[in-house]
Number of protein chains: 2
Amino acid sequence: MTSGLRERKKLATRLALHQAALQLVAEHGLDGVSVDDIAARADVSPRTFFNYFPTKDDAVVGIDASAVGQAAERFAARPASESPVEALRAVHALQAAEMADEPETLWPLRLRVIDEHPVLLARLHAVFASAERALAEAIAARTGTTVGPDVYPTLLAAVSGAALRCGLHAWLASDFTASLPALVDEAWDVLAAGLPAPRR
Amino acid sequence: MTSGLRERKKLATRLALHQAALQLVAEHGLDGVSVDDIAARADVSPRTFFNYFPTKDDAVVGIDASAVGQAAERFAARPASESPVEALRAVHALQAAEMADEPETLWPLRLRVIDEHPVLLARLHAVFASAERALAEAIAARTGTTVGPDVYPTLLAAVSGAALRCGLHAWLASDFTASLPALVDEAWDVLAAGLPAPRR
DNA sequence: CGCAACATTGCACGGACTGCACCTTTCGCG
DNA sequence: CGCGAAAGGTGCAGTCCGTGCAATGTTGCG
């Protein structure tokens, strides 16, 4: 399927560039690192860098566009007996588990770096937003609504992104000692209850 | 208070630059317009452009940082008898009304242009995100929670942003014939009900 | 009026990103 | 095995963005 020396090498240099970008930025800050630096550490020419990422910022965030549609696909594949919220919770449980388990400590490092650079946060949000657009379509299809005029699909998609981001934020705040899936699930509990003020 | 020829002139050129950017981009696309073009249409030197906006994209979006903390301040000023959600709804009602009433058709044009350029959407989201951070603090203060470990303040702040963005999106989809405050309020109804699947 | 503060501008520079042309490597196939 | 086609890697030249600095106007105030 994905075999072939060519494919594997591309994946490898892509990852190398991403990790080089992350480490260097963690060390010297976003403005203290140039594309040339990143390319040098990944052992490719500066020009090649742009064959892999359209932007320096994208290399730091390092999320491929292919992963974007994933959430929407998984949502669409859930049994029709589930309510939209139930289905989304299930999708997020899977997604959160994958993020927490990912090889290396990639996500922690990513989140730490992104947290220190608002520009990168915006970039991450852009990725989420694009995923949410696809998700809104899937929600509309499931509920018989329409993305344009009806608020529901857009709202639920946006809220799901909020839940996930919120979980990631709390995960970072816990210094990655908490369980990401548990945090995301907690957020969904609050949402499903209609956002009541927490009892103190 | 804000009088003084100097202040007014600054505001004027700022607005001129913003409108020039908006119109030109609406006409030629984001990549078809350079900073020099924008500065030329606003009758200032290209160098001066950067005294007003740190970035070309920011000039197109054209929202000043001062407006960012506004939502949090208004939220904090709401009577303590209101629940967080009630208070937020009230703040949004005001904010939505202001946006819909703004002089000229600024918001419609803005939204149309932003809708066509994902980069600008990211920029807008960044503004929202920064407002949400301030809001999260205010929510935490009101509910006796803490932004770091507790999910509630971050979640509610993010969700409120989602509601507003969602209203704006539907407003755009209606070609600005619908009532923005009504759309935002509708989103809040769904949120307060725990996001139930819409009846068909 | 005259001075101090502030805004505008030009200049020069470094870095991001792109189109193009050329070279090297991999792949598919006989 | 080897050859031709396809695709990736690289260098070059160029455009535009964004910034620090220094010079030049403009405004406000005593």
Side-chain angles (χ1 to χ4, degrees), chain A residues 1-18 20-22 24-25 27-62 64-66 113 117-120 122-123 126, chain B residues 1-18 20-22 24-25 27-62 64-66 113 117-120 122-123 126:
Chain A
M1 36 176 62
T2 66
S3 58
L5 193 149
R6 221 163 195 161
E7 321 272 341
R8 269 181 292 119
K9 254 194 160 177
K10 276 202 76 155
L11 264 295
T13 46
R14 187 193 163 84
L15 184 61
L17 280 168
H18 172 45
L22 263 185
L24 285 171
V25 171
E27 206 170 328
H28 305 111
L30 191 56
D31 294 343
V33 172
S34 71
V35 168
D36 292 32
D37 298 334
I38 298 170
R41 177 173 293 208
D43 268 315
V44 286
S45 87
R47 183 64 185 82
T48 298
F49 176 93
F50 291 104
N51 290 343
Y52 286 87
F53 296 98
T55 284
K56 181 172 78 166
D57 297 358
D58 282 308
V60 179
V61 172
D64 48 341
S66 77
V113 166
H117 299 278
V119 192
L120 299 180
R123 208 49 76 137
Chain B
M1 35 176 64
T2 64
S3 57
L5 191 151
R6 224 162 192 160
E7 320 272 341
R8 270 181 291 118
K9 256 194 159 179
K10 276 202 78 154
L11 263 295
T13 47
R14 188 194 162 84
L15 184 61
L17 279 169
H18 172 46
L22 219 43
L24 285 171
V25 171
E27 206 170 329
H28 305 112
L30 190 56
D31 295 342
V33 173
S34 71
V35 169
D36 292 33
D37 297 334
I38 299 170
R41 176 172 295 207
D43 269 314
V44 285
S45 86
R47 183 62 186 83
T48 299
F49 175 93
F50 291 104
N51 290 344
Y52 286 88
F53 296 98
T55 284
K56 182 172 78 168
D57 298 357
D58 282 308
V60 179
V61 173
D64 49 340
S66 76
V113 166
H117 298 279
V119 193
L120 299 181
R123 207 49 75 137

Q.
From CG of B:Asp58 over to P of D:dC17, roughly how many Å is that when rounded to an integer?
A. 14 Å

(Q) Can you measure A:Lys56 atom NZ to D:dC17 atom C1' for me and round it to whole angstrom units? (A) 13 Å

Spacing of [X] atom [atom1] and [Y] atom [atom2] [to the nearest 0.5 Å]:
X: B:Thr13; Y: B:Tyr52; atom1: OG1; atom2: OH; value: 3.0 Å
X: B:Leu15; Y: B:Leu22; atom1: CG; atom2: CG; value: 10.0 Å
X: A:Asp64; Y: A:Phe53; atom1: CG; atom2: CZ; value: 8.5 Å

Q | For B:Ala126 against A:Ala122, the heavy-atom pair lying closest together | A | CB-CB, 3.8 Å

Q) With sequence neighbours excluded, what pairs up with A:Asn51 under the side chain to side chain donor-acceptor pair (under 3.5 Å) test? A) none

Q.
Give me each pair satisfying salt bridge (charged side-chain N to carboxylate O under 4.0 Å, His left out) with a member in residues 38-57 of chain B, each pair once, sequence neighbours excluded.
A. B:Asp57-B:Arg123

Q. Do any of residues 46-55 of chain B sit with a heavy atom less than 4.0 Å from DNA chain C, and if so which?
A. B:Arg47, B:Thr48, B:Asn51, B:Tyr52

Q: Kindly say if A:Lys10 contacts the phosphate of D:dG8, meaning a side-chain N or O under 4.0 Å from OP1 or OP2.
A: yes

Q. Counting distance only, does the side-chain N/O of B:Thr55 pair as donor-acceptor with the main-chain N or O of B:Asp58 below 3.5 Å?
A. no

Do any side-chain atoms of residues 28-40 of chain A form donor-acceptor pairs under 3.5 angstrom with protein atoms, and if so which ones, sequence neighbours left out?
from    : atom 1 : to      : atom 2 : distance (Å)
A:Ser34 : OG     : A:Asp36 : N      : 3.4
A:Ser34 : OG     : A:Asp37 : N      : 3.2
A:Ser34 : OG     : A:Asp37 : OD1    : 3.4
A:Ser34 : OG     : A:Asp37 : OD2    : 3.2
A:Asp37 : OD2    : A:Ser34 : N      : 3.0

Q: If a protein heavy atom is under 4.0 Å from the base, mark B; if only from the sugar-phosphate, S; if neither, -; do that for nucleotides 24-30 of chain D going 5' to 3'.
A: --BBS--

Q: Find out whether A:Val25 and A:His117 are in side-chain contact, i.e. whether some heavy atom of one side chain is under 4.5 Å from a heavy atom of the other.
A: yes

**Q.** Interface limits on DNA chain C, where chain A has a heavy atom under 4.0 Å of a nucleotide atom
**A.** C:dA16 to C:dC27

